[in-house]
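Down below is the structure, laid out as structure tokens.
Within every chain, numbering begins at 1; the chains are lettered A, B, ... in the order of the sequence lines, protein sequences first and strands thereafter.
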2 protein chains.
Amino acid sequence: MTIKEAAERTGISVDNLRYYERIGLFPEIPRNASGMRDYDEMSLHWIDFAMRFKRGGMALEAIREYIQLALQGEATKPARKEILLDAKNDLEKKMAEIQESLDVINYKLDTYERKCEPITMDMVNAWKERQH
Amino acid sequence: MTIKEAAERTGISVDNLRYYERIGLFPEIPRNASGMRDYDEMSLHWIDFAMRFKRGGMALEAIREYIQLALQGEATKPARKEILLDAKNDLEKKMAEIQESLDVINYKLDTYERKCEPITMDMVNAWKERQH
DNA sequence: ATAAACCCTTAACTCAACTTCAGGTCAAGA
DNA sequence: TCTTGACCTGAAGTTGAGTTAAGGGTTTAT
């Protein structure tokens, strides 16, 4: 499969596929006789795997580290588990933060319906006043 | 309250407080006679408000826009509501993605317990082989 | 056999969000 | 009064994550 087809299947741009590979976000893709990338299902599997973490907001460096460890085999399992536990922690924290933001937004949208400001204009005016 | 105290209370660095103010993420902070920032409760309120959105992953530019609109009063309500609805949408999408990542992580952690690899070593070896 | 459409690499550029720096002002204690 | 430490501004530098450009091979349809 050409890089263009892989781009279509994954929804990642051709340039980004090359970029991610270069920084080690997934293993080097097989090449054909004339040096062009030839993606197979295994390639797509790795890409999907890495992208799942990326979409969760994990830093590319952490993903790279995990993948490189996975390629080194069994011995790196404890290290990988560590990375996953850290990631889980981050994601749970992020989840809670997003929920908090959503709560604020919903509260505000609700008060908009009621035609009264969550930060009331008199608060704003008081503040403007103070700035004289 | 000095900028240092404000930094301690908000958990934002002194430099970042100045930076955020400069880009309009919250209104200009009151100054004392000799031109130094003098934070009050209202200042902290705005900071907290902006940071809630930031933690949810909203772009600083969007937060800036919202705050500037809020300072312009009633007439900007529809525009602000629009921003909030967009933000809500983003956050809900992000929430779903994070949940997906968490599912994958939990699955992997679970298979680690069972001492079997989610991406099995024979898969990896097959791939390495192919790279000859 | 040549143009069009792909592919390759290396390196430079961009953008958001910080962070550091240089060069100065101000305030409180010894 | 002199020093030390916190504050100020404006500008330059850094980092992470791409994106674009330059210069060159390859494949395919005409």
Asn32(B) CG to dA27(C) P, straight-line distance once rounded to whole Å:
7 Å

Please determine whether a side-chain nitrogen of the Lys or Arg among Lys77(B) and Glu74(B) lies less than 4.0 Å from a carboxylate oxygen of the Asp or Glu.
yes

So if I define the base as every atom that isn't primed, P, OP1 or OP2, how would nucleotides 5-18 of chain C read as a B/S/- string at a heavy-atom cutoff under 4.0 Å?
-SSSB-------BB

Ion pair check, Glu21(A) and Arg37(A), cut-off under 4.0 Å:
yes

Interatomic distance where CG belongs to Asp15(B) and P belongs to dT9(D) [whole Å]:
12 Å

Would you call the rings of Phe53(B) and Phe49(B) parallel, tilted or perpendicular, where under 30° means parallel and over 60° means perpendicular?
perpendicular

Taking Watson-Crick (N1-N3 plus N6-O4 or O6-N4) and G-U wobble (N1-O2, O6-N3), each under 3.5 Å, can you produce the dot-bracket string of DNA chain C? Use [ ] for crossing pairs and | for inter-strand ones.
||||||||||||||||||||||||||||||

Measure across Lys4(A) and Val14(A) and return the closest heavy-atom pair with its distance rounded to 0.1 Å.
CA-CG2, 4.0 Å

Rounded to whole Å, how long is the line connecting atom CD of Glu21(B) with atom P of dT9(D)?
8 Å

Keeping to residues at least two apart or across chains, list the side chain to side chain donor-acceptor pair (under 3.5 Å) pairs with something in residues 8-20 of chain A.
Arg9(A)-Glu41(A)

Between Val104(A), Asp103(A), Thr111(A), which is the residue that forms a side chain to side chain contact (heavy atoms under 4.5 Å, CB included) with Tyr107(A)?
Thr111(A)

How far does CG of Leu84(B) sit from CG of Asn106(A), to the nearest 0.5 angstrom?
9.5 Å

Is Asp48(A) salt-bridged to Arg52(A), cutoff N-O under 4.0 Å?
yes

